[in-house]
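Since the structure comes first, as structure tokens, the remarks are kept for the end.
Values below: every heavy atom of this structure, side chains too, minus hydrogens, waters and symmetry copies. Every value quoted in this text rests on a predicted model; they were computed, and no experiment measured them. Every chain is numbered from 1 and lettered A, B, ... according to where its sequence line falls, protein lines coming before strand lines.
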Amino acid sequence: MNLRVLYFASLRDAAGTEAEDVQTHAADLAALHDELQARHRWALPRARLRVAVDGRFAGWHEAPREGCTVAFIPPVSGG
Amino acid sequence: MNLRVLYFASLRDAAGTEAEDVQTHAADLAALHDELQARHRWALPRARLRVAVDGRFAGWHEAPREGCTVAFIPPVSGG
Amino acid sequence: MARFALSAQPLDIPALAARLRDPRAGACASFEGWVRDHNDGRGVRGLRYEAYAELAAHEGEAILAEALARFDVIEAACVHRIGELAIGDLAVWVGVSAAHRDAAFAACRWIIDEVKARVPIWKHEHYREGDAGWLHPEPAPR
Amino acid sequence: MARFALSAQPLDIPALAARLRDPRAGACASFEGWVRDHNDGRGVRGLRYEAYAELAAHEGEAILAEALARFDVIEAACVHRIGELAIGDLAVWVGVSAAHRDAAFAACRWIIDEVKARVPIWKHEHYREGDAGWLHPEPAPR
């Protein structure tokens, strides 16, 4: 399956890019995370991240869909 | 003793003036109030008023001083 | 410069807020009281504020000095209109700067509550039916 | 028109506040977050805010809609800066109008707390010593 992944803040620094196209067989978003974390080695554990699909927060156990856009959301610090 | 009395809001409406010079033998500000209330007949009882002397809140049992300015302060409604 | 003032002119909020600025400040809470078109179930078409200026200035300054002592804030100010106001007009402004928002909100709320409770300003409401009256509310439970 | 927005330009507060006006409104509470010169004991010389714009807009709108449902308020709005900011710059503005001040203060405080907790915006601080870092705080106790 092909999808797009967006990186923000310290995850972007770790990945070295804002976005990449990813081919994956991950069964859910948690597995997708772990796959990409193993590649890019960001420091924040999954328990401190949230995940979003197509611009909406999603659950880690949801399956990714072909062509979707996934983002891992590190702890926010606006305000 | 001669002093000046200021009237505000509904007390001014009752007194028909913003200020007047008063000659009094009142022993304290409470007695001064009662004397002037008997003359002008404002509706608010003394328990709902405060009293000020020379631009500072004062106590009802303080004695008025020659030449001072007294104001009876009805419940405020700023804001 | 005084932290509290009465003003017979419309308030210039950006100018008032400028004095709150400080490089240590991360939070600014402010409150505006506006003239509303109703009160206690009656239609209001405008109002007039009258003050005992000397005592109001003294009490207002005392409230702001006390706020700076009670709360971990950097600066605070308040201006209250006097004179004739129309619906929607700004009647009172309170602004507080602080390092953090907890103190800014708490102090801002405390100041407006104190101003309403003890600064000698009186509201004369003009009602839609043509009559008018002074507001002399029972003290709010504190 | 959206109640929540990200802005790459300095915020024009009077223009933002205009949408809060309503003849029924007697109270307006607002909050400004300013860039402070220190954080967690370190000197700060500036910062950059970055956002996930699509998700931030969605979450921001959801927060403001929820505030209008939870509190007895008339209107509410919030704008958050993105991009490079200097000490003293306005980073975020929240404004709420209501008939009475209780609801205005409560909603304003709730909105800024929610925005800080869940809108995907990240602060990159530049420290006086020359280094810089992303802030990824532990969630505050709610």
Side-chain angles (χ1 to χ4, degrees), chain B residues 2-22 28-30 32-34 36-37 39-79, chain C residues 4-7 31-36 39-40 44 47-63 78-83 85 90-94 108-125 131-140:
Chain B
N2 293 289
L3 45 76
R4 188 157 182 81
V5 179
L6 308 180
Y7 297 108
F8 295 98
S10 65
L11 270 57
R12 188 186 57 234
D13 290 353
T17 182
E18 298 192 332
E20 61 181 344
D21 293 315
V22 169
D28 64 13
L29 296 167
L32 176 66
H33 167 274
D34 295 352
L36 293 168
Q37 195 278 335
R39 189 185 307 169
H40 297 303
R41 298 280 169 198
W42 49 76
L44 288 162
R46 175 150 54 84
R48 296 200 51 214
L49 305 179
R50 299 180 69 182
V51 63
V53 175
D54 293 339
R56 302 289 182 270
F57 281 119
W60 287 112
H61 293 296
E62 293 175 33
R65 295 182 303 270
E66 173 70 29
C68 73
T69 298
V70 174
F72 304 114
I73 308 294
V76 302
S77 49
Chain C
F4 178 86
L6 298 173
S7 172
F31 175 80
E32 299 176 23
W34 298 342
V35 178
R36 18 176 236 279
N39 190 27
D40 262 333
V44 172
L47 55 76
R48 179 161 53 90
Y49 279 112
E50 163 180 317
Y52 180 5
E54 181 185 357
L55 181 58
H58 178 77
E59 286 297 303
E61 286 298 325
I63 289 167
C78 175
V79 185
H80 201 296
R81 277 296 309 277
I82 51 175
L85 277 76
L90 178 58
V92 59
W93 172 85
V94 178
C108 185
R109 178 60 196 260
W110 185 85
I111 291 166
I112 186 63
D113 287 355
E114 290 292 307
V115 166
K116 290 174 80 92
R118 61 189 246 218
V119 176
I121 300 172
W122 298 274
K123 187 189 293 189
H124 193 246
E125 284 184 341
D131 57 330
W134 290 103
L135 270 75
H136 291 315
E138 297 286 342

Between CD1 of B:I73 and OH of C:Y52, what distance do you get to the nearest 0.5 Å?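 One finds 6.5 Å between CD1 of B:I73 and OH of C:Y52.
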Any idea which of C:V119, C:L135, C:I121 has the most non-hydrogen atom pairs under 4.5 angstrom with chain B?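 Heavy-atom pairs under 4.5 Å are most numerous for C:I121.
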Where does [X] contact chain B at under 4.5 Å (heavy atoms): side chain, backbone, both or neither?
X	value
C:E59	side chain
C:A53	neither
C:R81	neither

I'd like to know if the side chain of C:W122 reaches the main chain of B:P74, judged simply by a donor and an acceptor atom lying under 3.5 Å from each other, with no hydrogens or angles considered.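 Yes, because the side chain of C:W122 sits within donor-acceptor range (under 3.5 Å) of the backbone of B:P74.
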Taking B:G79's backbone N and O only, do any of them form a donor-acceptor pair with C:Y49's side chain (distance below 3.5 Å, no angle check)?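 Such a contact is found between C:Y49 side chain and B:G79 backbone.
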On a heavy-atom basis, which atom in [X] and which in [Y] lie closest, and how many Å separate them?
X	Y	value
B:R12	C:E50	NH1-OE1, 2.6 Å
B:L44	C:H136	CD1-CD2, 3.7 Å
B:P75	C:P137	CB-O, 3.3 Å

Check whether more than 12 heavy atoms from other residues, nucleotides or ligands sit under 6.0 Å from atom CG of C:D40, and answer yes or no.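 Counting neighbours around CG of C:D40, 12 or fewer heavy atoms of other residues, nucleotides or ligands fall under 6.0 Å, so no.
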CZ/B:R65: more than 12 non-hydrogen atoms of other groups inside 6.0 Å: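 Counting neighbours around CZ of B:R65, 12 or fewer heavy atoms of other residues, nucleotides or ligands fall under 6.0 Å, so no.
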Are the side chains of B:F57 and C:H58 in touch, meaning some heavy atoms are under 4.5 Å apart?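 The answer is no, as the side chains (C-beta and beyond) never meet within the 4.5 Å cut-off.
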Out of B:V76, B:L6, B:D54, which one racks up the most heavy-atom pairs below 4.5 Å with chain C?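 Of B:V76, B:L6, B:D54, B:V76 has the most heavy-atom pairs under 4.5 Å with chain C.
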Under a 4.5 Å heavy-atom cut-off, does chain C meet the side chain of B:A52, its backbone, both or neither?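 For B:A52, side-chain heavy atoms alone lie under 4.5 Å from chain C.
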With a 4.5 angstrom heavy-atom cut-off, could you sort out which part of B:D13 is near chain C: side chain, backbone, both or neither?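 Only the side chain of B:D13 comes within 4.5 Å of chain C.
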